[in-house]
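Working notes for the structure below.
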2 protein chains.
Amino acid sequence: MPDRTKAKSKPFGDAAAFSEAAECLKMLAHPVRLRIVQLLLQGRYTVGELAEDCGVPDNVASEHLRLMQRCGFFTSEREGRRVYYQVAEPHLENIINCVEDRFLSSLQSKSA
Amino acid sequence: MPDRTKAKSKPFGDAAAFSEAAECLKMLAHPVRLRIVQLLLQGRYTVGELAEDCGVPDNVASEHLRLMQRCGFFTSEREGRRVYYQVAEPHLENIINCVEDRFLSSLQSKSA
DNA sequence: TTGACATATCGTGAGATGACGATACTATCG
DNA sequence: CGATAGTATCGTCATCTCACGATATGTCAA
């Protein structure tokens, strides 16, 4: 029995931290958002470019981007009529790598 | 401009893989489930133990465990009246580590 | 200015999620 | 056997999520 004392080390004391982490994961837990994060980890893209790649209308992509921007995932810069998004949260790369390891590994490798 | 050709490498072709990954992340995207995964990565626990630590009623914990078991996260073994759950999906550890790095690092370190 | 393009925001509605209480099952104890 | 502890399942309901269409904003070109 490996230290089953459970010594009240954490009777879920930091529930707030877990909630914050859960919120973040919820943001990632959508196929289109996942794809958008993956793309933006490789460079800057506009709303329209992301929308086209994901096969969703522009406004849908725009909403996903807004949600993720509110979480601090991305920042945006307007250039003319276009708006470029880019990654602002450095830990996204680690998490996406884990996810790719498990689910998307076969697709990614050939890009190198 | 870093190869912005976007060479139709993936017009979201593998949407199925992204959906599967998103489903998995959705499972993790809940504070109680996150905590349960963290605990089970450190050993076997019963429904009641997990429920108490998380501060939720037994049936709620049981439902979360059932959902995660359906995803292949866990397996369970009955011992007398109790049911012990344990981790079955090895990649959970990596993902949780990433999440801890970002959100829960201050709590975990003292365990070492 | 007018019109077209790119993006953002809003209202709505269908579907999913998650907590709760009640109940049912399983195993042990007396 | 009945009683109880531990777990699982079900129905219900409030809430959230997400896509859609419509509309608004911002930018540039003519």
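Note: hydrogens, waters and symmetry copies are ignored here, and every other heavy atom, side chains too, is used. By convention in this document, chain letters (A, B, ...) are assigned in the order of the sequence lines, proteins followed by strands, and residues within each chain are numbered from 1.
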Legend entry - Between D:dG6 (C1') and B:Arg44 (CZ): distance, integer Å: 15 Å
Legend entry - Heavy-atom pair of closest approach, residues A:Leu34 and A:Val99: CD2-CG1, 4.5 Å
Legend entry - Spacing of B:Gln69 atom CD relative to D:dT7 atom P, expressed in whole Å: 13 Å
Inset, instruction - Taking the side chain as every heavy atom from C-beta outward, state whether A:Met68 and A:Glu89 have any atom pair closer than 4.5 Å. - result: no
Legend entry - Distance test, side-chain N/O of A:Thr46 to OP1/OP2 of C:dA6, below 4.0 Å: no
Inset, instruction - Flag the pair B:Val87 / B:Ile96 as yes when at least one side-chain heavy-atom distance between them is below 4.5 Å, and no otherwise. - result: no
Legend entry - Check ion pair B:Glu63-B:Arg66 (N to O, under 4.0 angstrom): yes
Inset, instruction - Consider the side chain of A:Val47, meaning its heavy atoms from C-beta on, and name the nucleotide among C:dT7, D:dT9, D:dC18 that approaches it most closely. - result: C:dT7
Inset, instruction - May I have the distance from B:Asn59 (atom CG) to D:dA8 (atom P), rounded to whole angstrom? - result: 11 Å
Inset, instruction - Going 5' to 3' through nucleotides 23-30 of chain D, assign each nucleotide B (protein heavy atom under 4.0 Å from a base atom), S (under 4.0 Å only from sugar-phosphate atoms) or - (no protein heavy atom that close). - result: ---SBB--
Inset, instruction - Respond yes when some side-chain nitrogen or oxygen of B:Tyr45 is under 4.0 Å from OP1 or OP2 of D:dG6, and no when none is. - result: no
Inset, instruction - Let me know, please, whether A:Lys26 or A:Val83 comes out on the 5' side of the other along DNA chain C by nearest nucleotide. - result: A:Val83
Legend entry - Phosphate OP1/OP2 of C:dA8: any A:Tyr85 side-chain N/O under 4.0 Å: yes
Legend entry - Protein-nucleotide distance (B:Met68, atom CE; D:dA8, atom P), rounded to Å: 12 Å
Inset, instruction - Respond yes when some side-chain nitrogen or oxygen of B:His30 is under 4.0 Å from OP1 or OP2 of C:dA19, and no when none is. - result: yes
Inset, instruction - Measure from the side-chain heavy atoms of A:Arg33 and tell me the nearest of D:dT9, D:dC18, C:dG18. - result: D:dC18
Legend entry - Distance test, side-chain N/O of A:Arg66 to OP1/OP2 of C:dT9, below 4.0 Å: yes
Inset, instruction - Kindly indicate whether the side chain of A:Gln86, heavy atoms from C-beta on, has any atom under 4.5 Å from the side chain of A:Glu77. - result: yes
Inset, instruction - With the side chain counted from C-beta on, respond yes when A:Val32 and A:Val60 share a heavy-atom pair under 4.5 Å apart, and no when they do not. - result: no
Legend entry - Rounded distance (Å) that lies between atom P of D:dT7 and atom CZ of B:Phe74: 15 Å
Legend entry - pair B:Leu65-B:Leu40: side-chain heavy atoms closer than 4.5 Å: yes
Inset, instruction - Give the rounded distance in Å between these two atoms: CD1 of B:Ile36 and P of D:dT7. - result: 12 Å
Legend entry - Separation of C:dG18 P from B:Leu65 CG (nearest whole Å): 14 Å
Inset, instruction - Take A:Glu23 and B:Glu63, find for each the nucleotide of DNA chain D with the closest heavy atom, and name the residue whose nucleotide sits nearer the 5' end. - result: B:Glu63
Inset, instruction - Could you tell me the separation between the CG atom of A:Asp58 and the C1' atom of C:dC5, rounded to a whole number of Å? - result: 10 Å
